[in-house]
Amino acid sequence: MRIIGVILATLLAQQASAQLADVDWWKTTTIYQVYPRSFKDTNADGIGDLKGITLKLDHFVDIGIGGLLLSPVFKSPMKDFGYDVSDFREIDPIFGTMVDFEELVQGCKDRGLKLVLELVPNHSSDEHVWFTKSIAREDPFTDYYTWRDPKGLNASGHPIPPNNWLSVFGGSAWEYNKEREQFYLHQFLAGQPDLNYRNPRVTKEMDDILGFWMDKGADGFRLNAMPHLMEDQTFPDEPPSNDPEFTPDQWGSLSHIYTTDLPELYSYVFIFRKVIDSKQEELGRQMVMMVEAYTSLENTMKYYGDEYIEYAHFPFNFEIITNVNNKTTASELKAIIDRWQNALPSGAWSNWVIGNHDRRRVASRFGRDFSTAVVIMGQLLPGTAITYNGEEINMEDTWISWADTVDPQGCQAGPEFYEKFTRDPVRTPYQWDDSAYAGFTTANSDKPWLPVNDNYRELNLAAQKLEENSPYAIYKKLTAMRKDMNAVRSGQLGTSTVGDDIFVFTRYLQSADEKNVLVVVNLAENEVNADLSGVPTLKSGAMITYHVGVNSSYTSGQELSPSSVNVPARGSLVFLYTNAASTTVLASLLLVFSVILSLLH
Ligand code: GLC
């Protein structure tokens, strides 16, 4: 009998580890977006740098991260803080040198961390040599960008743009160039001319750039702003959106049917994927390709490819960022999560993103308590988890005055509207400790490029390391669960609601003795006593063990009946449970093994 037990246990363990060995590194881990300007400054100029990231690499190991996602560090005049690139193969001196980059790669390697780069293929900087040569109509650069003749001249003799297209940052998407006597398209800043992907040479340039960075040690890319890659070649005016929230020169005032989500853009996603796959084969290193696309759910799913061809490994899932807010009810939350999971093409890998450098911080969107609930969801829902720097300590947005505003999206909106559009508040320096400037910089006379949040004396990493149930401590427990628990890595998802305010999800495996996960989220402003015994994936009579949570009165390891669970206001609790094997399954397994044993004799 004991022998059978041992064989059974060994076989089950082998099966589990074989399953894990098969999965790609980016699937089961957390990818952490570092915004380099604000992470750690080592040369006292008030701006973060590559050496700073290398210096802090142990932080990522400490909090259980598997891969870094580095926002752009390429050479740039910084009109859009690095998203306007003047040389795609150089490191900007503000961030350091190529040697610093190589040291970062080595430091990551030494710690088993992956390094993924963020890159926007849609445009370069107007200071890129391609653009200078394109202005001069120097071949082969003449058509590297989208140039159009003026529609005519207005009453005061100024050239009229080819159509009504608007820049995401506001104002016309066309800029007149006197030298070439034509307008060029820029869907973002005038300093960010759109590259023309209808020219195969441009595609080849971008392919080579991706290859260059993978040769340098990058483990993949997040390709940004992908919906903007292609535009309608007949350049028709776009219709009004009739959204009263926007003034006529704001991007939201038009419906972007000719400048975003064009069907042909997806074949470029495939082209980039091929480059990444062939480098993966050549270098023997597993790469990841992720996509940033703010678009409809239907269009987002197209980035996965179709049943025959896989495009991106995954497009970022912005459902929590764009559709969940403080007014969301439990049943709405369930519907949003189910809708995403159900929309996934078969075999597609899920992911959950809760914040980034473009959107308000989780803690500011939801408040401190509920933001931890959102972090818990981001970590324990199926697929890759993405963290934006600071989320692991619950950093909040920093209010920035108009005078201190530097983000072009804020600046272009003007003093009246800047607070609605500016992204500066989410980009302020990381709060390491309670020393001057939160330990971000040693700059004396030079202040950090953006003000440090005033709350840094109490809200910082060092303080949270000393606190028992701090956001940092909870975060570490969650990433450990991703590492240790098969149910989190590959378990199925069950979602349900209890009453009006409680959203519940489980991550469970069919195999009987595996530990499963039960997450209970209270969306109400008051404590709720919930009866969870009807949760479909919980076997009747099963007990649940409290593991981690926000403001809970339970202690870790405490066992309780699911029929009466106190969930604190806006709180979120994580329990573990097993659905012990049914006797019939066990009996048949034992029967199979006794037959094997008798055959061996
Ligand atoms: C991407 C970046 C954003 C940037 C934009 C234009 O969407 O996330 O920060 O402003 O590209 O470059």
Side-chain angles (χ1 to χ4, degrees), residues 31 33-39 69-88 92 116-128 131 145-146 165-171 173 175 184-195 197 206 209 221-231 250-252 256 259-261 265 269 272 290-295 299-300 303 312 315-318 321-322 353-361 386 388-389 397 405-413 418 420-428 449-450:
I31 296 181
Q33 183 188 352
V34 179
Y35 191 71
R37 290 183 75 88
S38 295
F39 199 62
L69 168 61
L70 198 63
S71 292
V73 289
F74 314 115
K75 192 155 192 283
S76 163
M78 301 288 163
K79 290 175 188 164
D80 190 20
F81 297 108
Y83 291 88
D84 49 324
V85 180
S86 53
D87 188 337
F88 285 97
D92 194 276
V116 180
L117 302 183
E118 217 186 318
L119 195 139
V120 193
N122 180 67
H123 46 258
S124 72
S125 156
D126 62 344
E127 294 181 25
H128 198 294
F131 191 64
Y145 298 86
T146 301
W165 292 358
L166 291 172
S167 147
V168 172
F169 293 149
E175 183 78 4
Y184 66 87
L185 178 70
H186 60 90
Q187 291 194 68
F188 294 87
L189 289 177
Q192 295 171 301
D194 267 48
L195 285 159
Y197 280 89
M206 204 43 76
I209 287 161
F221 298 91
R222 182 180 99 149
L223 301 179
N224 280 19
M226 287 303 283
H228 300 272
L229 201 74
M230 310 298 293
E231 303 79 36
Q250 288 173 349
W251 192 69
H256 300 287
T259 52
T260 62
D261 306 317
L265 83 85
V269 179
F272 295 143
M290 308 177 291
V291 159
E292 181 220 42
Y294 288 98
T295 181
N299 284 331
T300 303
Y303 290 96
F316 268 31
N317 168 1
F318 290 133
I321 292 187
T322 48
V353 185
I354 56 173
N356 60 35
H357 66 294
D358 289 330
R359 299 294 169 126
R360 291 292 149 102
R361 282 189 176 276
I386 315 282
Y388 173 57
N389 58 200
D397 284 348
T405 295
V406 289
D407 172 30
Q409 186 162 277
C411 294
Q412 293 216 169
Y418 87 96
K420 181 172 168 193
F421 292 96
T422 179
R423 298 166 298 178
D424 290 332
V426 318
R427 298 175 174 182
T428 59
W449 74 288
L450 278 175

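All ligand and atom numbering here is 1-based and tracks the order in the structure. Just the heavy atoms: all of them, side chains too, but no hydrogens, waters or symmetry mates, feed the values below.
A cation-pi geometry, defined here as NZ or CZ lying under 6.0 Å from the six-membered ring centre and within 45° of its normal, holds between Arg359 and Tyr294.
Close approach of ligand 1 to Arg423 is summarised as follows: ligand atoms under 4.0 Å from at least one heavy atom of the residue are 3 (C), 4 (C), 9 (O), 10 (O). For ligand 1, the atoms lying closer than 4.0 Å to a non-hydrogen atom of His357 are 2 (C), 3 (C), 8 (O), 9 (O). When each atom of ligand 1 is checked for a heavy atom of Arg427 under 4.0 Å away, the hits are 9 (O). Using a 4.0 Å cut-off to heavy atoms of Asp80, the atoms of ligand 1 that qualify are 4 (C), 5 (C), 6 (C), 10 (O), 12 (O). Of all the atoms in ligand 1, the ones that sit under 4.0 Å from a non-hydrogen atom of Asn224 are 1 (C), 2 (C), 8 (O). Using a 4.0 Å cut-off to heavy atoms of His123, the atoms of ligand 1 that qualify are 6 (C), 12 (O). Of all the atoms in ligand 1, the ones that sit under 4.0 Å from a non-hydrogen atom of Phe169 are 10 (O).
Under the 3.5 Å distance criterion, the side-chain polar atoms of Ser86 are matched with a main-chain donor or acceptor of Lys75. Between the Glu292 side chain and the Ala225 main chain, a donor and an acceptor come within less than 3.5 Å of each other. The main-chain N or O of His228 is never found under 3.5 Å from a side-chain atom of Thr260 such that the two would form a donor-acceptor pair.
Closest protein heavy atom to atom 7 (O) of ligand 1: Glu292 OE1, 3.1 Å.
For the pair Gln192 and ligand 1, the shortest N or O to N or O distance falls below 3.5 Å.
Side chains of Gln33 and Asn356: no donor on one and acceptor on the other come within 3.5 Å.
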Could you go step by step and tell me if Arg37 and Asp92 meet the salt bridge (Lys or Arg N to Asp or Glu O under 4.0 Å) rule?
CA-CA 11 Å; Arg37 290 183 75 88; Asp92 194 276; over 6 Å; no

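No heavy atom of Arg359 sits closer than 4.0 Å to any atom of ligand 1.
If you take CE on Met206 and OH on Tyr197, they are separated by 3.5 Å, rounding to the nearest 0.5 Å.
With Asp358, Asn122, Val168 as candidates, the residue nearest to atom 2 (C) of ligand 1 on a non-hydrogen basis is Asp358.
When non-hydrogen atoms are compared, ligand 1 lies under 4.0 Å from the side chain of Phe188 (C-beta onward) but not from its backbone.
Electrostatic pairing of Asp397 and Arg423 does not count as a salt bridge here, judged by no charged N lying under 4.0 Å from a carboxylate O.
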